[in-house]
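Here's the structure we're looking at; comments come further down.
FYI, side chains are in, hydrogens and waters are out, and symmetry mates aren't considered; it's all heavy atoms of this structure.
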Amino acid sequence: MDVILWIILGTVLAVAEIFTATLFLIMFSAGAVAAAAAAALGAPVPLQAGVFVGVSAATVVALRPVLRRHLRRPGPDGLGTEPIQGASAVVVEHVNADRGMVKVGGEFWQARALEGSGSYPPGERVSVVDLNQGTALVWRDDLLGSADRQQ
């Protein structure tokens, strides 16, 4: 009977961890599973409780910092920005060397004209050459025909 109670407690704590995402309750869930194992081996209730407290404390102290450090590790540079580089964009607000706005695939981006490339009026098509701190660096889209630029 003790085994079932510890397993239920471990399951409840694991499910609660899903909603908190703090990596705290899962450590107590591990303690409950260890206590269930002790109960299955015939340990008395005080020893089961001691196993629960000991394993829970050990995992909080030893394992939780390692897991948190691993989960907070930054991803690769530029994650999520690669598809925009080289994409065609439409100028929404006048773009020059200092500022502007373009629309790329339904998303609005701050933009600047690439050094020495001039300025672009709203409606003109440009290519995103690079991203610099979240700002699209754009250049005239020479691959499009003049009929496409009129649109």
On a heavy-atom basis, the closest approach of Ser88 and Val104 is O-CG1, 4.0 Å

Result for side-chain contact (heavy atoms from CB on, under 4.5 Å) between Thr11 and one of Ile7, Leu13, Leu9 points to Ile7

On a heavy-atom basis, the closest approach of Val3 and Ala40 is CG2-N, 3.4 Å

Minimal heavy-atom distance between Gly31 and Ser56, with the atoms involved, is CA-OG, 3.5 Å

Quick one: are Glu17 and Thr22 in side-chain contact, heavy atoms under 4.5 Å? yes

Nearest heavy-atom approach of Val51 to Ala35 is CG1-N, 3.8 Å

Is there a path of hydrophobic side-chain contacts, each under 4.5 Å between heavy atoms of I, L, V, M, F, W or Y residues, that connects Leu63 with Val53?
yes

Are the side chains of Trp109 and Leu131 in contact, using a 4.5 Å heavy-atom criterion?
yes

Anything under 3.5 Å between a donor and an acceptor, one on a side chain of residues 94-103, the other on a protein residue two or more places apart or in another chain? List them.
residue	atom	partner	partner atom	Å
His94	ND1	Tyr120	O	3.4
Asn96	OD1	Asp98	N	2.8
Asn96	OD1	Arg99	N	2.9

Note to self: With a 4.5 Å cut-off on side-chain heavy atoms, are Arg112 and Val138 touching?
What the structure shows: no

Review point. Are Phe24 and Val60 side-chain neighbours, meaning at least one heavy-atom pair lies under 4.5 Å?
Key: yes

* Asked: So do Trp139 and Val126 actually touch side chain to side chain, heavy atoms under 4.5 Å?
  -> no

Taking Val15 as the starting point, is it possible to reach Leu25 by hopping between hydrophobic residues whose side chains are less than 4.5 Å apart?
no

